[in-house]
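Each residue takes its place number in the sequence, starting with 1. What you see below is based on every heavy atom in this structure, not just the backbone, and it leaves out hydrogens, waters and symmetry mates. Because the structure is a prediction, the values reported are computed rather than measured.
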Amino acid sequence: MEQRYRWRNKAIREQAAIIDGKKPPEILLKNARFLHSMLRRWVEGNIWIQDDRIVYAGEALPINTAGTEVVDCTGLTLVPGYIEPHVHPFLLYNPQTFSRYAAQTGTTTTINDNLLLFLHLQKKKAFSILRKFDESPVTMYWWTRYDAQTELNGEEIIFSNSDVKAWLEHDKVVQGGELSGWPQLVDGDDLVLHWIQETKRLGKKVEGHFPGASDRTLAKLMLFGADCDHEAMTGEDIYKRLMQGYTVSLRHSSIRPDLPVLLKDMKKMKLDQYDSMLFTTDGSTPAFYKQGMIDVMIRMAIDSGVPAIDAYQMASYNVARHYNLQHLHGMIGTGRIANINFLEDETNPTPISVLAKGQWLKKDGEPIVIDKDIHWEEYGIEPLVLDWEITMDDLEFSMPFGIKMINSVITKPYSIAMDVSLDELPKDSDESFFALVDRKGKWRINTMLKGFATDVSGFVSSFSTTGDIILIGKNKNDMRLAFTRMKEIGGGIVLAENGSVIHEIRLPLAGMMSNKELPMLIEEEEELRGLLADRGYPFSDPVYSLFFLSSTHLPYIRVTQRGMYDVMNKTVLFPTLMR
């Protein structure tokens with residue numbers, strides 16, 4: 001039978017018995033200088049831990065310590081485990097490998113996007129894997145999407161009323177969103193408004209996605225039910241959101257490394273009340289995490305003059321309070337989950353030791369892996385199996401206009417002037433063949449992509465917003481070779497040139513995620529970035545470029561399952577072709 005409560009009555013009685021000296025705690029942290037989140041001050045005392053819970057934090061020592069692991073914390077500073085409130089746990093990594101890596105930098109709780117689970121698994125399988133994630137020492141909460149951020153065939157069936165509500169009612173789901181489809185909501189989409197109402201009725205939060213929104217739009221979206229937004233790019237954006245009552249997630253990500261600008265603007269505008277501010281890395285690609293995660297943001301804040309206590313609160317207590325989880329997280333205090341970071345001092349937020357759910361994940365600088373590898377196939381997440389081939393007929397290009405990349409993620413239409421009937425394009429241009437092909441092989445759409453690179457011969461990815469197959473390149477034979485190799489490895493990102501495969505990132509989990517640990521994945525992504533840069537890719541993040549080519553929450557033109565899509569006018573310009 002599934003356990004309904006965090007701790008059973010018997011466990012709570014045993015925890016209380018430790019206070020009376022009838023039982024010893026499992027761990028005693030003595031002589032600890034720690035951040036007390038409610039008092040907002042550094043205090044000194046002792047922390048008793050049983051299983052995954054802090055059973056006491058204060059000046060007293062336990063009466064009974066028979067068999068207790070005693071840790072003398074003299075000279076250390078202890079802070080609550082960090083909480084990352086906005087994770088997209090499928091940016092080549094997977095939820096397990098992300099959480100393992102995050103824990104080493106002090107992030108012991110994540111709030112995750114369910115998009116991949118929603119699109120690729122039936123509800124029963126998805127909820128089953130959520131239960132499996134509960135076994136991780138890193139606490140994982142989730143949010144549920146209201147839409148796919150792209151135009152899907154049969155989206156009304158995928159995002160059915162019953163399935164969205166079932167996700168909202170799940171006890172591991174703490175919010176709805178992110179609300180990237182807000183223009184439809186403003187235009188009168190009452191089904192999304194109904195889901196928002198249900199989210200609020202359940203006492204859960206709604207996360208916005210409102211880049212460039214005016215104060216009037218922010219006010220309207222607050223009326224609809226939004227609680228928080230992570231799209232502030234300037235101090236003025238922060239101010240507008242705070243004025244309308246939002247919690248503001250300060251972002252520093254691979255696509256938007258905004259925190260230095262935000263901190264500078266906040267100082268200039270004297271925005272020095274931090275209780276309604278959080279930190280997020282917003283699902284960055286692997287290489288961005290080479291230096292760390294939330295710990296990096298805390299350090300940047302402290303270095304910019306933010307008081308240390310406020311910086312740590314933004315990474316822990318403020319997040320817990322926003323999500324009504326402060327009875328479990330964000331505080332080193334009696335009754336909370338034992339997520340604790342051990343620091344050399346308060347100016348260095350990267351921990352030397354980490355406790356998560358009362359278990360050591362890092363001790364004296366050495367990582368400790370205690371969770372077993374997930375057998376993904378048991379939950380329906382398997383290597384990609386494609387029973388079709390890319391032919392030369394699939395690589396015919398006759399559309400009058402194509403897609404021009406303005407930066408890593410923004411795309412506009414452009415008129416095609418060159419001869420696209422050739423099997424190979426000249427290398428003195430920045431135009432490439434581009435195709436999106438149904439992962440089941442039923443349809444395709446072909447156009448030209450300008451600005452991606454000057455000398456990429458064959459580049460294929462099963463990693464995309466929809467899980468369909470992206471083909472880019474100058475040479476149709478190398479594009480086909482890259483596709484064939486992608487099939488052989490069960491999904492992934494493949495770069496081919498002159499009849500040979502020169503790089504690959506294997507993504508055997510649904511063609512979207514790697515099963516390798518992050519340090520190895522970081523090396524593979526860095527190599528891919530270097531190879532693409534050498535071949536004329538001019539932007540910062542090719543992985544997000546792939547992911548956003550179909551994302552209709554961004555302007556102006558996108559390639560989707562329904563065809564070439566005009567985001568601003570919400571119309572299909574050219575439909576997909578059946579193969």
Side-chain angles (χ1 to χ4, degrees), residues 3 5-83 103 106-109 134-139 309 312-313 315-317 320-321 325-346 349 351-364 366 368 370-371:
Q3 184 171 332
Y5 305 111
R6 175 83 204 190
W7 294 283
R8 295 185 187 277
N9 286 2
K10 180 183 178 184
I12 295 172
R13 295 292 183 188
E14 289 175 349
Q15 293 161 7
I18 294 172
I19 304 292
D20 295 331
K22 297 175 182 176
K23 286 191 61 178
E26 286 186 343
I27 300 174
L28 168 62
L29 307 178
K30 285 179 60 176
N31 306 317
R33 176 182 184 262
F34 64 95
L35 175 60
H36 193 286
S37 303
M38 285 186 175
L39 292 175
R40 290 181 51 83
R41 66 174 63 172
W42 304 103
V43 300
E44 294 185 1
N46 305 294
I47 301 157
W48 317 354
I49 296 169
Q50 180 68 22
D51 296 325
D52 62 345
R53 198 177 197 192
I54 298 171
V55 299
Y56 175 86
E59 296 180 3
L61 287 167
I63 300 168
N64 185 346
T65 57
T68 297
E69 178 186 356
V70 180
V71 180
D72 189 345
C73 298
T74 301
L76 298 175
T77 295
L78 279 57
V79 295
Y82 311 140
I83 306 172
T107 296
T108 55
T109 303
D134 259 354
E135 298 176 12
S136 169
V138 172
T139 305
I309 288 177
Y312 287 106
Q313 297 279 76
S316 54
Y317 187 69
R321 188 179 56 206
L325 295 170
Q326 67 268 40
H327 61 296
L328 296 174
H329 298 284
M331 180 176 169
I332 298 175
T334 302
R336 274 63 177 188
I337 297 170
N339 295 335
I340 301 173
N341 290 331
F342 298 70
L343 313 179
E344 291 176 333
D345 60 69
E346 66 195 66
I352 58 172
S353 299
V354 178
L355 273 177
K357 293 182 182 174
Q359 302 174 81
W360 294 105
L361 299 190
K362 185 179 186 181
K363 200 166 187 183
D364 299 325
E366 293 298 319
I368 302 171
I370 61 173
D371 58 326

Distance-only side-chain donor-acceptor flag, Trp7 / Asp52, under 3.5 Å: yes

Salt bridge flag under 4.0 Å for residues Arg33 and Glu346: yes

Closest non-hydrogen atom pair between Leu343 and Pro349, with its separation: CD2-O, 3.6 Å

Donor-acceptor pair between Glu69 and Trp360 side chains, under 3.5 angstrom: yes

Pair Ile49-Glu26, side chain to side chain contact (heavy atoms under 4.5 Å, CB included): steps then yes or no: CA-CA 6 Å; Ile49 296 169; Glu26 286 186 343; 5.8 Å; no

Any Pro24 side-chain heavy atom under 4.5 Å of Ile18 side chain: no

OG1 on Thr77 to CG on Leu35, rounded to 0.5 Å: 10.0 Å

Side chain Arg41, main chain Ile309, donor-acceptor under 3.5 Å: no

Pair Val71-Leu28, side chain to side chain contact (heavy atoms under 4.5 Å, CB included): steps then yes or no: CA-CA 6 Å; Val71 180; Leu28 168 62; over 6 Å; no

Residue pair Tyr82 / Tyr312, side-chain heavy-atom distance below 4.5 Å: yes

Inter-residue atom distance Met331.CE - Leu325.CG, 0.5 Å rounding: 14.5 Å

Inter-residue atom distance Lys363.NZ - Leu355.CG, 0.5 Å rounding: 8.0 Å

Heavy-atom closest contact (Gly81 atom, Asn341 atom, distance): CA-ND2, 3.6 Å

Heavy-atom closest pair, residues Gly335 and Arg53: O-NE, 3.0 Å

Closest heavy-atom pair and its distance - Ile83, Ser316: CD1-O, 3.5 Å

Student check: side-chain heavy atoms of Ile368 and Leu361 closer than 4.5 Å: no

Check: Pro80 and Ile332 side chains under 4.5 Å, non-hydrogen atoms: yes

Closest approach of Gly358 to Ile27 (non-hydrogen atoms, all atoms of both residues): O-CD1, 3.6 Å

CZ on Phe342 to CG on Asp364, rounded to 0.5 Å: 10.0 Å

Side chain to side chain contact (heavy atoms under 4.5 Å, CB included) between Lys23 and Gln50, worked out: CA-CA 10 Å; Lys23 286 191 61 178; Gln50 180 68 22; 4.2 Å; yes

Spacing of CD belonging to Glu135 relative to NZ belonging to Lys357, to within rounding of 0.5 Å: 9.0 Å

Can you give each donor-acceptor pair under 3.5 Å made by side-chain atoms of residues 56-67, sequence neighbours left out, with the distance rounded to 0.1 Å?
| from | atom 1 | to | atom 2 | distance (Å) |
| --- | --- | --- | --- | --- |
| Tyr56 | OH | Glu59 | N | 3.2 |
| Tyr56 | OH | Ala60 | N | 3.0 |
| Asn64 | OD1 | Ala66 | N | 3.0 |

Donor-acceptor pair, side chain of Lys30 and main chain of Ile47, under 3.5 angstrom: no

Thr68 side-chain N/O to Val70 backbone N/O, donor-acceptor pair under 3.5 Å: no

Residue Asn9 excluded, over 12 heavy atoms near CG under 6.0 Å: no

Under 3.5 Å donor-acceptor, Asp20 side chain and Lys22 backbone: no

Inter- and intrachain pairs under ring pair (Phe, Tyr, Trp, His ring centres under 6.0 Å), touching residues 24-44, at least two apart: none

CD1 on Ile340 to OG1 on Thr108, rounded to 0.5 Å: 9.5 Å

Non-hydrogen side-chain atoms of Thr334 and Trp48 separated by less than 4.5 Å: no

Where Ile352 and Glu344 come nearest, the two heavy atoms and their spacing: CG2-CG, 3.7 Å

